[in-house]
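Everything on this sheet refers to the single structure shown next.
Given the structure is predicted, the values throughout are model-derived calculations rather than measurements.
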Amino acid sequence: MIRYTVYFNGEQVKVYDIEEPVIFIGRLPENHIPIFNMGISRRHVKIELDAFGAYTLTDLNSLNGTLVNGKKVKKATLANGDKITIGKYTIVYEDLRGEAALHLETIVAEFRPDDMQRAAQAAPPPQTLPPPQTLPPPAPQTLPPPQSLPPQAAATPQTLPPPHSLPFQPPAAPQTLPPPAPQTLPPPAPQTLPPQAAAAPQATDASDDDESISGAVLIETAGHIVYKLDHDYLTIGSDEADDIYAAGFMVNKGFAAIERRDGGFYITAEKMMAKIKVNGKSVRTHRLEHRDRIEIGSNTFRFMENG
């Protein structure tokens with residue numbers, strides 16, 4: 001059994017005990033370990049059992065990358081106690097498959113040969129059973145001679161009557177049936193089908209792609225976390241439900257928001273006491289321009305129009 005313990009900012013979030021040979025970690029709920037955070041890709045990493053019994057981690061071309069023990073990796077073989085970092089989350093990998101064998105080996109090692117010799121000496125001596133008693137042989141018994149039976153008269157053989165003979169009957173001649181008369185069916189009337197309406201074109205719903213950074217993004221400069229501005233309304237705050245994470249004094253849930261309107265993006269302070277700085281100036285609302293520098297709490301972001 002493999003155990004994955006998820007931590008966020010040093011605090012334990014959840015523990016997963018999984019025995020599957022292949023698992024996925026990412027933002028989508030159908031992952032084996034789902035983590036709902038905009039800094040994590042939909043399918044971020046894959047962990048699978050290789051031919052040698054070890055588990056191998058593979059980064060699935062995620063946007064912000066994957067760290068194992070603080071080192072960015074594309075593919076790595078995991079060892080017991082390794083720390084996997086994606087976004088602001090840390091997952092501790094524990095291999096618990098060898099605990100039962102280790103416990104049995106410890107028991108055998110603690111039972112030494114000296115203990116076995118002392119146990120044999122302390123055992124009670126074996127009991128000696130008396131020899132079996134010999135019984136005298138039984139006296140032979142004399143049986144009377146067999147009685148002579150009178151000879152039986154030979155049975156008179158019985159004569160069976162001859163079998164009854166049936167007169168020979170020739171087989172009946174097969175009956176010949178006349179061929180069926182052919183039936184003439186009227187030709188089917190031609191059916192006039194109504195003209196089919198032209199199929200309406202189906203609208204395609206473009207989905208977001210974590211491997212592409214086309215369009216406007218917001219980059220958290222300290223952690224190099226990229227947030228795609230692919231919705232008309234995104235919230236900024238310290239709560240897990242916020243789309244863009246920001247921390248600091250007085251920064252709470254829904255602290256600010258980025259809204260797409262009039263062909264551009266506007267950042268607005270949603271709380272009464274919220275303080276936002278854009279390019280060093282305090283603002284309540286501001287239309288973002290390319291490479292604008294945004295300060296919220298202890299976080300600094302950079303707005304990029306083309307990623």
Side-chain angles (χ1 to χ4, degrees), residues 1-20 23-47 55-60 62-97 99 210 217-228 234-256 270-271 273-277 294-302:
M1 179 177 66
I2 305 299
R3 176 169 294 171
Y4 302 88
T5 307
V6 183
Y7 294 87
F8 177 75
N9 288 339
E11 296 183 3
Q12 179 176 317
V13 177
K14 197 169 184 179
V15 178
Y16 297 87
D17 291 334
I18 302 177
E19 297 183 359
E20 299 292 333
I23 71 164
F24 293 91
I25 305 175
R27 196 175 72 239
L28 294 178
E30 56 263 27
N31 288 287
H32 296 82
I33 302 178
I35 302 177
F36 305 102
N37 187 270
M38 292 296 293
I40 298 174
S41 298
R42 293 177 297 174
R43 279 202 172 183
H44 202 99
V45 297
K46 176 178 70 174
I47 300 176
Y55 279 88
T56 302
L57 177 145
T58 304
D59 182 88
L60 301 177
S62 64
L63 190 63
N64 296 312
T66 302
L67 304 179
V68 175
N69 298 327
K71 182 180 179 181
K72 190 172 184 178
V73 298
K74 180 66 179 176
K75 191 171 186 178
T77 300
L78 297 176
N80 189 27
D82 279 352
K83 296 180 179 179
I84 307 165
T85 303
I86 54 177
K88 293 184 178 293
Y89 288 80
T90 299
I91 304 171
V92 178
Y93 168 87
E94 296 179 83
D95 190 345
L96 306 180
R97 293 175 294 175
E99 286 191 352
D210 291 321
V217 296
L218 199 67
I219 302 175
E220 202 275 325
T221 58
H224 301 287
I225 300 176
V226 180
Y227 297 96
K228 294 182 65 177
L234 298 170
T235 62
I236 305 175
S238 60
D239 192 78
E240 184 67 19
D242 286 312
D243 301 306
I244 300 172
Y245 181 80
F249 181 68
M250 296 293 291
V251 177
N252 50 18
K253 179 179 179 181
F255 185 80
E270 295 293 318
K271 303 296 183 180
M273 300 299 293
K275 293 183 179 180
I276 302 175
K277 287 185 178 181
I294 305 165
E295 298 177 57
I296 298 178
S298 59
N299 300 89
T300 302
F301 301 90
R302 180 75 69 178

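Closest approach of Arg27 and Phe36 over heavy atoms only: O-CD2, 3.3 Å. The shortest non-hydrogen separation linking Gly254 to Lys271 is O-CE, 3.5 Å. Taking both residues in full, the closest heavy atoms of Gly39 and Ile225 are given as CA-CG2, 3.9 Å, listed atom of the first, atom of the second, then distance. Between Lys228 and Leu234, the closest heavy-atom pair is O-CD1, 3.9 Å.
For the atom pair Glu11 CD and Asn9 CG, the distance stands at 7.5 Å (nearest 0.5 Å). Interatomic distance, CD of Glu30 versus NE2 of His32, reported as 10.5 Å (0.5 Å rounding). From Leu63, atom CG reaches atom CZ of Arg42 across 11.5 Å, with rounding to the nearest 0.5 Å. Here the CZ atom belonging to Phe255 is positioned 7.5 Å from the CE atom belonging to Met250, to the nearest 0.5 angstrom. Remark: Thr66 OG1 to Ile40 CD1 distance equals 9.5 Å, nearest 0.5 Å. With rounding to the nearest 0.5 Å, the separation of CD1 in Ile25 from OG in Ser41 is 12.5 Å.
Residues Ile84 and Leu78 form a side-chain contact, since some pair of their non-hydrogen atoms from C-beta on lies under 4.5 Å apart. Side-chain atoms of Tyr227 and Asp243, non-hydrogen and from C-beta on, never get closer than 4.5 Å to each other. Looking at Lys88 and Asn37, their side chains never come closer than 4.5 Å, going by heavy atoms from C-beta outward. Using a 4.5 Å heavy-atom threshold, the side chains of Asn64 and Ile86 count as separate. For the pair Glu94/Ile2, no side-chain contact is recorded, criterion being any heavy-atom separation below 4.5 Å from C-beta on. The shortest side-chain heavy-atom distance between Tyr93 and Leu57 does not fall under the 4.5 Å cut-off. The closest side-chain heavy-atom distance from Ile23 to Tyr4 is below 4.5 Å. Val73 has its side chain out of reach of Asp59: every pair of non-hydrogen atoms, C-beta onward, lies at least 4.5 Å apart.
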Item to check | Residues Ile294, Leu218; criterion side-chain contact (heavy atoms from CB on, under 4.5 Å); working and verdict | outcome: CA-CA 9 Å; Ile294 305 165; Leu218 199 67; 3.8 Å; yes
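Panel note: side chain Thr90, backbone Tyr7; no donor-acceptor pair is recorded below 3.5 Å. For Asp242 (side chain) and Thr235 (main-chain N/O), no donor-acceptor pair under 3.5 Å exists by modelled atom type. Under the 3.5 Å distance criterion, the side-chain polar atoms of Ser238 are matched with a main-chain donor or acceptor of Val251. For Thr300 (side chain) and Thr221 (main-chain N/O), no donor-acceptor pair under 3.5 Å exists by modelled atom type.
Checking each of Ile33, Asn31, Ile47 against Phe24 for a side chain to side chain contact (heavy atoms under 4.5 Å, CB included) leaves exactly one that passes, namely Asn31.
The 12-atom threshold is not exceeded at NZ of Lys75, counting heavy atoms of other residues, nucleotides or ligands nearer than 6.0 Å. Heavy-atom contacts from other residues, nucleotides or ligands closer than 6.0 Å to NZ of Lys277 number 12 or fewer.
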